[in-house]
**Q** 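Take this structure first; my questions come after.
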Amino acid sequence: MKVVRSLIMVAGLLALHAACDQSRQANPVRTAGKRPIEFRAIDDNIVHDTLLIQTTFDLGDGSFVMVASNREDTWEGLRLYRYRFGEDSIPVIMAVSAPAYDSWTMLPTFFDRDSTVARGLWVLANFGERESWGQKFMKLDSVFHDLGFLDATAVEWVDEGGIRALKRRNIGPFTRMEFVGDSIRIAFDCDSVFLYDDRAGTMDQVIAANRLRYTWTPDEGLLLWLDGQKRLAATPL
C-alpha cells in the first residue's frame, strides 16, 4: 500500500509540473539560474531481492539513480541508489543516500554546474506523503553528501467541495541554481512559496517567491535569506 501511494503521489507531482508549465506560458521566466536536468525516467532495469524500486533515472554516463525502499517495511523508508552495470551485467552500487525515513516519496531533481556528470551533481530530493515536506539538498559524486534541508514547497490552490484549499507541492522543478565560484544561490521560479520555518520564529506561511532564497558555501553551509536578511537554515536530516 505504501508503494502504491508513492506512485500515486509521483503521478500527481508530474501532473502539477505540467499544469504549472502551461500557466507559465503567459509569464516569462523571472528567476536566473540553471534549470533542473531532465534525466530520462526508465523502466526498472534490475531485479533486487531486498529492494522495492519506485523510480529509476538514466544519468546518461552509464550510471543510474533509483528511488527504492526495503521490501520489508522499515522506518528508514526510501533511499537514492546510484549504480552501474559491471562485468556480466551485474549491477554495482556506487553510492547510497541517507534515508527518507517515514516519507512516501524521495523524488529527486538534478542540477549540474558544468554539464559534466562525472564532476558531480547537485540533488534536491522531495520528501512528503500526500503533500510535500520540503527538499533535502545533496551533492552526488562518489557518494551522497547531505548539505541541508529546504523548508519550502510550491503552492497550489484547489477546490474541495466549494472550499479553496492550499496544497503543498514539490518545488524541485521550479528551483533555479546559480553557481558563482564555490557558492550556490538557490531561488524559485514561481509566484509564491509555502515556507514551513523562516528560522526566526514564524512557521507555516505563504510568501512571494522573490522574497526567499537559499545560499550554500563550503564555509557557511546552507543558509536561508528572507527579504535580504541572512538566517540559519535547517541542518541535514
Side-chain angles (χ1 to χ4, degrees), residues 1-17 36-112 117-150 153 168-173 175 234-237:
M1 180 61 71
K2 184 175 182 180
V3 174
V4 172
R5 288 172 175 168
S6 297
L7 294 175
I8 290 173
M9 183 169 181
V10 169
L13 293 173
L14 294 176
L16 171 66
H17 187 193
I37 306 170
E38 295 185 4
F39 288 127
R40 184 168 58 98
I42 62 172
D43 293 334
D44 300 348
N45 56 9
I46 64 172
V47 177
H48 201 284
D49 293 338
T50 62
L51 292 179
L52 197 58
I53 301 170
Q54 184 183 102
T55 312
T56 302
F57 296 92
D58 183 352
L59 300 191
D61 66 339
S63 70
F64 307 86
V65 168
M66 65 179 175
V67 183
S69 61
N70 292 321
R71 288 187 178 275
E72 294 185 6
D73 195 16
T74 64
W75 181 64
E76 286 82 4
L78 298 163
R79 296 176 188 264
L80 303 181
Y81 296 81
R82 187 180 188 183
Y83 64 96
R84 61 176 175 81
F85 290 101
E87 295 182 2
D88 300 323
S89 297
I90 298 174
V92 178
I93 300 294
M94 303 168 63
V96 181
S97 77
Y101 299 105
D102 201 31
S103 296
W104 293 355
T105 60
M106 193 178 185
L107 187 63
T109 306
F110 303 93
F111 299 80
D112 75 339
V117 173
R119 294 177 179 268
L121 291 169
W122 303 87
V123 183
L124 289 179
N126 181 67
F127 280 30
E129 288 187 7
R130 294 180 179 85
E131 299 184 35
S132 174
W133 297 339
Q135 304 277 334
K136 173 173 275 197
F137 183 39
M138 295 177 281
K139 173 74 180 295
L140 171 58
D141 42 41
S142 59
V143 299
F144 284 94
H145 306 269
D146 287 353
L147 302 178
F149 198 84
L150 279 62
T153 77
R168 293 164 287 264
R169 305 303 192 194
N170 179 12
I171 204 168
T175 302
T235 56
L237 297 177

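In this chain, numbering begins with 1 at the start of the sequence shown.
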**Q** For Tyr81, which residues count as a side-chain hydrogen bond (donor to acceptor under 3.5 Å, both in side chains) partner, sequence neighbours excluded?
**A**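 Testing Tyr81 for side-chain hydrogen bond (donor to acceptor under 3.5 Å, both in side chains), a comparison that skips the adjacent residues, returns none.
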**Q** Do Phe39 and Leu121 make a side-chain contact, defined as non-hydrogen atoms from C-beta onward lying under 4.5 Å apart?
**A**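 A side-chain contact under 4.5 Å exists here.
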**Q** Would the distance check show the side chain of Ser97 and the main-chain N or O of Leu80 forming a donor-acceptor pair, the cut-off being under 3.5 Å?
**A**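 Between the backbone of Leu80 and the side chain of Ser97 there is a qualifying donor-acceptor contact (under 3.5 Å).
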**Q** Considering residues at least two apart in sequence or located in another chain, which fulfil the ring-ring contact (aromatic ring centres under 6.0 Å, His included) criterion with Phe64?
**A**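 By the ring-ring contact (aromatic ring centres under 6.0 Å, His included) rule, Phe64 matches Tyr83, Phe85.
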**Q** Evaluate side-chain contact (heavy atoms from CB on, under 4.5 Å) for Leu52 paired with Asn70, printing each intermediate quantity in order.
**A** CA-CA 6 Å; Leu52 197 58; Asn70 292 321; over 6 Å; no
**Q** State which residues pass side chain to side chain contact (heavy atoms under 4.5 Å, CB included) with Ala95; sequence neighbours excluded, sorted by chain then number.
**A**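 Partners of Ala95 under the side chain to side chain contact (heavy atoms under 4.5 Å, CB included) test: Arg82, Leu140, Phe144.
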**Q** Quick one: closest heavy-atom pair of Leu124 and Phe137, and the distance?
**A**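 Heavy-atom minimum between the residues: CD2-CD1, 3.7 Å.
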**Q** Quick one: pull up CG in Asp58 and CG in Asn45 and give me the separation to the nearest 0.5 Å.
**A**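 If I round to the nearest 0.5 Å, the distance is 8.0 Å.
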**Q** Rounded to the nearest 0.5 Å, how far apart are OG1 of Thr109 and CD of Gln135?
**A**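 So the OG1 of Thr109 and the CD of Gln135 are separated by 6.0 Å.
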**Q** Looking only at non-hydrogen atoms, find the nearest pair between Leu78 and Ser103 and report the distance.
**A**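 Scanning both residues completely, I find the closest heavy atoms to be CD1-O, 4.2 Å.
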**Q** Rounded to the nearest 0.5 Å, how far apart are CG of Leu59 and CZ of Arg40?
**A**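 Nearest 0.5 Å value for the CG-CZ distance: 11.0 Å.
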**Q** Is Ile53 close to Ile46 at the side-chain level, that is, under 4.5 Å between some pair of heavy atoms?
**A**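 Yes. Closest side-chain heavy atoms under 4.5 Å.
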**Q** Can you tell me how far apart CZ (Arg169) and CD (Glu131) are? Round to the nearest 0.5 Å.
**A**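 Arg169 atom CZ to Glu131 atom CD measures 6.0 Å (nearest 0.5 Å).
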**Q** Measure from the side-chain N and O atoms of Asn170 to the backbone N and O of Gly172, and report whether any donor-acceptor pair falls under 3.5 Å.
**A**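 A pair under 3.5 Å: yes.
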**Q** Quick check: closest heavy atoms across Arg79 and Met106, and the distance to 0.1 Å?
**A**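 Minimum heavy-atom contact is CA-SD, 3.7 Å.
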**Q** Checking Val92 now: which residues fulfil side chain to side chain contact (heavy atoms under 4.5 Å, CB included) with it, not counting sequence neighbours?
**A**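 For Val92 the side chain to side chain contact (heavy atoms under 4.5 Å, CB included) partners, ignoring immediate neighbours, are Arg84.
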**Q** How long is the span from the CG atom in Asn126 to the CH2 atom in Trp133, to the nearest 0.5 Å?
**A**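 The CH2 atom of Trp133 is 10.0 Å from CG of Asn126, to the nearest 0.5 Å.
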**Q** Test Phe127 against every option in Tyr101, Phe149, Trp104 by the ring-ring contact (aromatic ring centres under 6.0 Å, His included) rule and name the one that passes.
**A**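 Of all the options given, the one that passes is Phe149.
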**Q** Nearest 0.5 Å please: distance from the NZ atom of Lys139 over to the CG atom of Leu147.
**A**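 If we round to the nearest 0.5 Å, Lys139:NZ and Leu147:CG are 8.5 Å apart.
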**Q** So Val65 and Val123, do their side chains get closer than 4.5 Å, heavy atoms only?
**A**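 Val123 vs Val65: side chains apart.
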**Q** I'd like to check the side-chain hydrogen bond (donor to acceptor under 3.5 Å, both in side chains) partners of Ser89; sequence neighbours left out, ordered by chain and number.
**A**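 For Ser89, no residue satisfies side-chain hydrogen bond (donor to acceptor under 3.5 Å, both in side chains) once neighbours in sequence are set aside.
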**Q** For Asp44, check salt bridge (charged side-chain N to carboxylate O under 4.0 Å, His left out) against everything at least two apart and list the hits.
**A**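 Counting only residues at least two positions away or on another chain, Asp44 forms no salt bridge (charged side-chain N to carboxylate O under 4.0 Å, His left out).
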**Q** Taking the side chain as every heavy atom from C-beta outward, state whether Pro108 and Val67 have any atom pair closer than 4.5 Å.
**A**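 Sidechains of Val67 and Pro108: in contact.
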